[in-house]
Number of protein chains: 2
Amino acid sequence: MCLRYKWTGWSELGGENGLMNRRGVERQERLLQALVSGGSLHLADAAKLCGVSEMTLRRDVSSRDSLLSLMGGYLVRRDDPHYMPTYDLSAQQMRGAEIKASLCRHALSCIDDGDTLFIDCGTTLLPLASELGRRQGLTVVTYALNVANAVSALDDVRLILLGGRYRRVSQSFEGDDMAAQIRALGINRAFISAAGVHPQRGLSCFHFHEVAPKQAVIETAAQRILVFDDSKWDCLRPAFFGALSDVDIIVTHDRAASALADIPDLIPRLITM
Amino acid sequence: MCLRYKWTGWSELGGENGLMNRRGVERQERLLQALVSGGSLHLADAAKLCGVSEMTLRRDVSSRDSLLSLMGGYLVRRDDPHYMPTYDLSAQQMRGAEIKASLCRHALSCIDDGDTLFIDCGTTLLPLASELGRRQGLTVVTYALNVANAVSALDDVRLILLGGRYRRVSQSFEGDDMAAQIRALGINRAFISAAGVHPQRGLSCFHFHEVAPKQAVIETAAQRILVFDDSKWDCLRPAFFGALSDVDIIVTHDRAASALADIPDLIPRLITM
DNA sequence: CAGTGAATGTGATTTTTTTAACATTTCTGC
DNA sequence: GCAGAAATGTTAAAAAAATCACATTCACTG
């Protein structure tokens, strides 16, 4: 006889709002460890390993503080938004990602085997970093954690990370002597990003700690390649780091490309799509 | 009139054995680009994006030469280590992970709010790094990429990464002046890992480039905490970096713990489980 | 040690994904 | 334009996963 007058159900308690219990945390710890080096684990196997039912694991995973997630019956580590900017790509986001990817395809064509590249921070150049496996004998210099992670996955590419204090906002490092370190390296080709590109005022970014490395690279690299998408065109950001004429090549498209094409005697060479 | 005398069905032709057609390859190219930096895409979104039915994409994906794969309704890159199925997760491995996690729980109890910690490379201390969110005002110094990634996810922890040339084998960086940088920092508590711990010969690791930072830390840190599991006990590895008496605290258990407990006048304090 | 609430298990139900079979459209060479 | 093949769409059935409702177990407290 259904006399339970105030039953609210487990959903409310244990669902997406709740926190995991002690043993739940322990289980998660185990599974997380099992997946440290990536990979996925079928729910049934995981349940057998932990000695609990699938349902229990489902409940663990659905708690708000879980670091695991379940997709199609497989447990995977919940994506760190840090270096997984596009987790669950909707059609909208895809557009932006596709644009960046196509910019990077063009940028990739500038690269020769054996180059020593600099890759700037931000998300624009991330697809470039992931595609470098197609060239031989490359060395990549960067001060961005997300770029370093992408490059670290490529077996044939040497990686040099300029360390220092980590800045979450830009996912990059800030160091006193970064400029000096950059000057000590022989950078062949530098891929530079910008949060703002203005026809008169030139290149700017959000964070002041990015200025020193950017300028050091502009100063020392043999070839400087600016890559930016339309959303940055005609924008001013707090920290200026250079002029349009400080770069040798510009990779962009659409609005920015046609505006740039109209500038007479533009110094950088223009690559558009 | 069903006179088709030799109809074998599509399954045989288009299934796992077949190759993709021209447009299929184009579609895949597009989707692959969208997923360059990892992540996943729901089949329905992908279908909308490509302007075809879900079924068509399913057929693309199931062709032998596809670089995409489908898990639980989501498209992912087939080579993405994040989604690689982990087939053989033996109770053995699981046990190792569990041991490391429990060692790290003990290590965590050594930490006070406001500490400046050093965390060594390897997998042993990885669970420690992920748990640091429980303390306030911490600063973490490391030269390991995996540790840096774990710490970068924690909002309240300052991270200082000692950069340089990346070494895949140890997921850490090698730099000329790393020792100098470490000496310039005020490290409060250093968590040190070792690939080999020998009762007489002391502490060793696999890679020579780890020796300089480890020794610099041992030399300068206020408190040195060695963490290792049983599999390292009584082992000699190529590169020696210190003696047992160079550390202040040892966190371990089982075989190693009882052997150490038998050593008279052992200098480091022992924490076991 | 009964009683309570949290944690977990079980099986039915609903939803989603996968597969299969066949219809329809598009392409290609003549 | 037409035949035939290739590519894609549509629908139904099967399989798997996710959710739900409630039963059971466990760990405590008084």
Side-chain angles (χ1 to χ4, degrees), chain A residues 1-31 40-66 68-76 78 88 90, chain B residues 1-31 40-66 68-76 78 83 85:
Chain A
M1 302 144 168
C2 298
L3 292 182
R4 298 213 224 197
Y5 50 97
K6 267 198 309 195
W7 180 248
T8 53
W10 288 112
S11 334
E12 294 259 354
L13 296 167
E16 284 197 19
N17 307 309
L19 262 68
M20 225 183 302
N21 57 57
R22 206 192 75 254
R23 272 189 285 194
V25 173
E26 280 170 25
R27 280 192 295 267
Q28 169 176 266
E29 205 70 42
R30 289 174 78 175
L31 296 169
S40 57
L41 190 52
H42 199 275
L43 191 61
D45 295 334
K48 220 171 293 167
L49 263 151
C50 291
V52 295
S53 71
E54 297 191 12
M55 194 61 221
T56 301
L57 287 187
R58 279 182 192 282
R59 284 196 265 246
D60 287 350
V61 164
S62 73
S63 82
R64 194 177 5 133
D65 57 335
S66 168
L68 290 166
S69 83
L70 194 49
M71 59 183 295
Y74 289 85
L75 284 169
V76 295
R78 175 166 291 174
D88 203 347
S90 69
Chain B
M1 289 140 193
C2 298
L3 293 182
R4 297 211 226 197
Y5 51 97
K6 267 200 308 199
W7 180 246
T8 54
W10 287 112
S11 333
E12 294 258 354
L13 296 167
E16 285 197 19
N17 306 312
L19 262 67
M20 225 183 303
N21 58 56
R22 209 193 69 255
R23 272 188 286 192
V25 173
E26 278 170 25
R27 280 192 295 269
Q28 169 176 265
E29 202 66 41
R30 243 184 121 184
L31 295 170
S40 61
L41 186 54
H42 198 277
L43 190 61
D45 292 334
K48 220 171 294 168
L49 252 142
C50 293
V52 295
S53 71
E54 297 190 14
M55 197 58 224
T56 301
L57 288 186
R58 278 182 192 281
R59 284 197 265 247
D60 287 350
V61 164
S62 73
S63 81
R64 195 175 4 133
D65 57 334
S66 169
L68 291 167
S69 82
L70 192 51
M71 62 182 296
Y74 289 84
L75 285 169
V76 297
R78 184 163 283 179
Y83 300 108

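We name chains A, B, ... by the order of the sequence lines, and we start the count at 1 in each one. Note that the structure is a prediction, hence the values are computed from the model and not measured. Both backbone and side-chain heavy atoms feed into the values below; hydrogens, waters and symmetry mates do not.
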task: Rounding to 10 degrees, work out the angle separating the end axes of the helix from C:dC1-D:dG30 to C:dC30-D:dG1 (five pairs an end).
output: 30°
query: Is the phosphate of D:dT19, meaning OP1 or OP2, less than 4.0 Å from a side-chain N or O of A:Arg58?
result: no
statement: Taking C:dT8, D:dT8, D:dT19 as options, the one with an atom nearest any side-chain atom of B:Arg27 is D:dT8
task: Round to a whole Å and report the spacing from CG of A:Asp60 to P of D:dT19.
output: 14 Å
query: Between A:Thr56 and C:dT8, does any side-chain N or O lie under 4.0 Å from OP1 or OP2?
result: no
field: Pairing residues for B:Met71 by the side chain to side chain contact (heavy atoms under 4.5 Å, CB included) criterion, not counting sequence neighbours
entry: A:Ser40, A:Met71, A:Tyr74, B:Val76, B:Tyr83
query: Looking at the side chain of A:Leu70, which of D:dA18, D:dT10, C:dG9 is the nearest nucleotide?
result: D:dA18
task: To the nearest 0.5 angstrom, please state how far the CE atom of B:Met55 sits from the CG atom of B:Asp60.
output: 10.0 Å
- prompt: How long is the line joining CG of B:Leu57 and P of C:dT18, in whole Å?
  reply: 12 Å
task: Scan A:Val61, A:Leu57, A:Leu49 and name whichever one has a side-chain contact (heavy atoms from CB on, under 4.5 Å) with A:Arg27.
output: A:Leu57
message: Could you check whether any side-chain heavy atom of B:Glu54 comes within less than 4.5 Å of a side-chain heavy atom of B:Leu43, counting everything from C-beta outward?
response: yes
query: For A:Glu54 and D:dA17, what is the distance between atoms CD and C1' respectively, to the nearest whole Å?
result: 9 Å
query: Starting at CD of B:Glu26 and ending at P of D:dA6, how long is that distance when rounded to a whole Å?
result: 19 Å
Between D:dA18 (P) and A:Arg59 (CZ): distance, integer Å: 15 Å
message: Whole angstroms only, please: what is the CE-P distance between A:Met55 and D:dT19?
response: 8 Å
- prompt: Starting at CE of B:Met71 and ending at C1' of C:dT16, how long is that distance when rounded to a whole Å?
  reply: 15 Å
query: Is the shortest side-chain N/O distance from A:His42 to OP1 or OP2 of D:dA16 below 4.0 Å?
result: no
statement: Nearest heavy-atom approach of B:Ala47 to B:Ser53 is CB-C, 4.0 Å
- prompt: Could you give the distance from CG (A:Leu70) to CZ (A:Arg58), rounded to the nearest 0.5 Å?
  reply: 5.5 Å
